[in-house]
Amino acid sequence: MKILITTFLLIFLSFFSFAQKQEIDSLKNVISDFENSKNFETNLNYLDALNLLSYKYYAFSPDTMLILAKKSRKLCEQANYEIGKIEAIRNIGIYFDVEGDFPQALKYFQEAMPLAQKIDYKKGIGRLYNNIALIYEMEGKYDLVLENHFKSLKIKEEIGDKEGIAASLNNIASIYNSQANYAQALTHYFKSLGICQEIGDKKGIATALNNIAIIYKIQGNYPEALEYYFKSLKIDEQIENKQGIAATLIGIAIVYYDQDKYTESLENQFKSLKINEEIGNKQGIAANWTDIANVYKEQGEYKIALENLFKSLKIKEEMGNKQGINISLNHIADIYELQEKHDLALDYYSQSLTISLNLGDQSLISSNKNGLARVYFSLKNYAKALSYAQEGLHLARKIGEKETIKNISHTLSKIYAATDKYKEAFFYYQEFKTLSDSLYNQNTDEKIIKLQAEYKYDKKLAAMQIEQTKKDLETEKELQKNTFIRNGFIVGFLAMSIIVFIIFRNLQKQKKAKELLQDRNNEILQKNDEIIETNEELKQANDKIHEAFKIVHEKNEEITASINYALRIQNAILPTSTQIQQYFPESFVLYKPKDIVSGDFYWFTEKGNHKIIAVVDCTGHGVSGAFMTIIGNNILNQIVNDYEVYSPEKILNLMPLLLKKHLSNSNGIVKDGMDISIISISETPNGILKLEYAGAMNPLYYVQNQVFKEIKADKMPIGEMNHKENFEYQKHEILLENPITFYLCSDGFQDQFGGVKNKKFMVSSLKKLLFEISEKPMEEQGEILENTLNHWISEGKETQVDDVVILGIRINLK
């Protein structure tokens, strides 16, 4: 919808000549020279220059334009200069067009047309057809718009007016754009661009580039859209085309808006608004207020958004701009829908749909129908919601508008989920996600920059680490070398001491012991060589052991770091105790993974009147179990937050389908699964709290009126090979008219080995323990359970055998 505003603004801008101030100064000098001569009032060159100056002033001072046009008309009539008179009348019409007085503008254009036809002034006839087409466009009369544009194009082709041909092609393309005929729109825009490049018409090039960007944006091709917008902006800045700059900034702002970059979007919108206010461009100002309102809407600032939308609507109503009025009505309906003011939302969506049908605006028709579908969905009128959504989707597919297809698919997934048609809900949700990922992934510039920066940093860090490792190795080698030299010196010194001692002792027996001494010396030298050789072998073996230990140590650190990182990810998806205690002040969570990461997890969300809590025991533990917890968490978020399914048994019935999609192998067999207990607490219309429970293998324990009770789970796990395809989980309800303390558990506590006899703790012992501590403060209960488990494990000299989760909540009904 936002793009249509920009498109309309660009159609408006594309017709006019975007001259530089330098041209105005030059024309003023020429006119001044004429006015210093005699009989200048009847000089046709002077009158042509006066008309051209009048026309050039439209972008800078419309009032000056009108004064000069009226002066020129009077002088041309006195001089019987028909062409000059026609151009002067056309300039007066353009003035009223710029001011938004379309009936008055049309009156002057139609006055000039027969005068131009009478003298066969083809250039003027072509221009007037163009002007008239733009007025009919403001009134939504598209058949007359195209008729007049093609008449204009034909005449311009006859006289070889390439600049005029480019302008007509651009305007025809813009009409095809508004009719969602994007292929024809792009064809004509590129034709216009080619001619403008051929004749060196920078203003025309900028306009064509801008409008091509609009089509790519509508089709969700954000990188191409930004590329063409920035090309256009560069040219507009070179020729100081303020209106072109303002329009291009709006386009850039909208692309940032669609990518949720609201700061960048507002920054560009306010720049554009400032320029439009400087030049008095009412069309542009109205577009700015609308798009600024959209940003505030996304930021939850509904009051400010509505104020801006009504500002925009007022300008469009003053100008009689039906298309613009229609867009504003649609955006106002969006805000009322978000504020849950359903009657007002229906009223404004219906008003917008009526105008869209009259204008034949297929894009807005599909968007209006999606809006009506969403409101009727909120009112639980699923039949009407489905009808509007299907009609809107059919039209959106026909015109190929991806953004609208994505939005309506999301609406349909919610409708089908609410009516228990989970396969259809899943189909449309997958389409929604696929389109969302497609549209999002097309804009990767920031990600690439970020990844490149991270890559360079990691590369630099790795190089530093390698360099440090080399230094460490060299230091270690130097130390080993010094140690070897020292040890060799000691060995040598001892050997020599022995030799000297022997020589001294046997000095008197030298002659007799000479041979013996020589033999002993040779033996010592041989032994010394053996010692050196053995020492070298030991050193090499020690080096290998050290290297192997280092590798094992590094791998262990890498694995541990990866698992610790996985722990951070897993902790990030778990609700904190503070989050749960915000809604349930009396509560505790005992969460003890067997390894660093866990195969069990707990989950909580608050949606409207419903507070939904689950404890889930996934297949496996450690890293493999942790993967399953992330999948399980995503599935619960998808069902509750995206499908808006809040009833526990419906959530469980939908989980196997989604789990199968995540985990199916080539044979479609799901070997992994999960056990789960899930409850929803909500308030009934008569103000009584109601607890709804459903379970797959995991029961619900609760204490009420000092009686311990158990609601058994259905004996069917989620997603494993033995899961029956058409099995339906059962819902159990408890009206909370008395205080209640309830517990959701995985099976890790009861299955833990330990104690004096080194046996399992058992379910019966867990139930007994829960009942015994149920009257104590909830925080103390959590501590007792943890201490009991630790003592049980240590007493049996065991290690923890499984992940443990117990979540306890007390509701006092005060």
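We number each residue from 1, following the sequence as shown.
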Taking all heavy atoms of [X] and all of [Y], pick out the closest pair and write down the distance.
| X | Y | answer |
| --- | --- | --- |
| His610 | Ser680 | ND1-OG, 3.4 Å |
| Glu786 | Leu590 | CB-CD1, 3.8 Å |
| Glu733 | Glu692 | OE2-OE2, 3.5 Å |
| Met674 | Cys618 | CB-CA, 4.0 Å |
| Ala713 | Pro699 | CB-N, 3.9 Å |
| Leu789 | Val804 | CD2-CG2, 4.1 Å |

[X] side chain near [Y] side chain, heavy-atom distance below 4.5 Å:
| X | Y | result |
| --- | --- | --- |
| Ile734 | Tyr702 | yes |
| Asn790 | Lys592 | yes |
| Asp675 | Ile718 | no |
| Ile580 | Phe588 | no |
| Ile676 | Asp617 | no |
| Asn637 | Trp603 | yes |
| Ile612 | Phe604 | no |
| Val640 | Val645 | no |

To the closest 0.5 Å, what do you measure between [atom1] ([X]) and [atom2] ([Y])?
| X | Y | atom1 | atom2 | value |
| --- | --- | --- | --- | --- |
| Leu770 | Ile806 | CG | CD1 | 6.0 Å |
| Gln800 | Trp792 | CD | CH2 | 14.5 Å |
| Tyr643 | Asn641 | OH | CG | 12.5 Å |
| Thr411 | Asn407 | OG1 | CG | 7.0 Å |
| Ser413 | Glu424 | OG | CD | 12.0 Å |
| Glu340 | Leu379 | CD | CG | 10.0 Å |

task: Under the side chain to side chain contact (heavy atoms under 4.5 Å, CB included) rule, what do Ile809 and Thr741 come out as? Steps first, then yes or no, please.
output: CA-CA 6 Å; Ile809 295 175; Thr741 302; over 6 Å; no
With a 6.0 Å cut-off (strictly less than), is the heavy-atom count around [atom1] of [X], excluding the residue itself, greater than 12?
| X | atom1 | result |
| --- | --- | --- |
| Glu779 | CD | no |
| Glu728 | CD | no |
| Lys776 | NZ | no |
| Lys731 | NZ | yes |

- request: May I have the step-by-step check of side chain to side chain contact (heavy atoms under 4.5 Å, CB included) for Leu736 and Ile688, ending in yes or no?
  value: CA-CA 7 Å; Leu736 304 184; Ile688 298 174; 5.7 Å; no
field: side chain to side chain donor-acceptor pair (under 3.5 Å) between Tyr262 and Gln299, intermediate numbers included
entry: CA-CA 8 Å; Tyr262 301 132; Gln299 293 177 325; over 6 Å; no
Is the distance from the ring center of [X] to that of [Y] below 6.0 Å?
| X | Y | value |
| --- | --- | --- |
| Phe742 | Tyr701 | no |
| Tyr729 | Phe727 | yes |
| Tyr602 | Tyr591 | yes |

For [Y], is there any backbone N or O sitting under 3.5 Å from a side-chain donor or acceptor partner on [X]?
| X | Y | value |
| --- | --- | --- |
| Ser746 | Val805 | yes |
| Ser409 | Ile405 | yes |
| Asn633 | Thr629 | no |
| Glu264 | Tyr256 | no |
| Asn609 | Glu683 | yes |

With Phe427 via ring-ring contact (aromatic ring centres under 6.0 Å, His included) - residues at least two apart: none
message: Tell me every residue that passes ring-ring contact (aromatic ring centres under 6.0 Å, His included) with Tyr428, counting only those two or more places apart in sequence or in another chain.
response: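 Only Tyr416 meet the ring-ring contact (aromatic ring centres under 6.0 Å, His included) criterion with Tyr428.
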Looking at [Y] and [X], is there a salt bridge between them, counting it only when a charged N and a carboxylate O are closer than 4.0 Å?
| X | Y | result |
| --- | --- | --- |
| Arg374 | Glu337 | yes |
| Asp420 | Lys650 | yes |
| Glu710 | Lys767 | yes |

Examine the side chains of [X] and [Y] and answer whether a donor and an acceptor come within less than 3.5 Å of each other.
| X | Y | value |
| --- | --- | --- |
| Asp802 | Gln752 | no |
| Ser598 | Asp600 | no |
| Tyr693 | Gln730 | no |
| Tyr429 | Gln638 | no |

- prompt: Do the ring planes of Phe771 and Phe708 sit parallel (below 30°), tilted (30 to 60°) or perpendicular (above 60°)?
  reply: perpendicular
- request: Walk me through it: do Leu785 and Leu769 pass the test side chain to side chain contact (heavy atoms under 4.5 Å, CB included)?
  value: CA-CA 8 Å; Leu785 286 167; Leu769 177 59; 3.5 Å; yes
- request: Show the numbers, then the answer: is there a side chain to side chain contact (heavy atoms under 4.5 Å, CB included) between Asn698 and Leu744?
  value: CA-CA 8 Å; Asn698 285 352; Leu744 303 177; over 6 Å; no
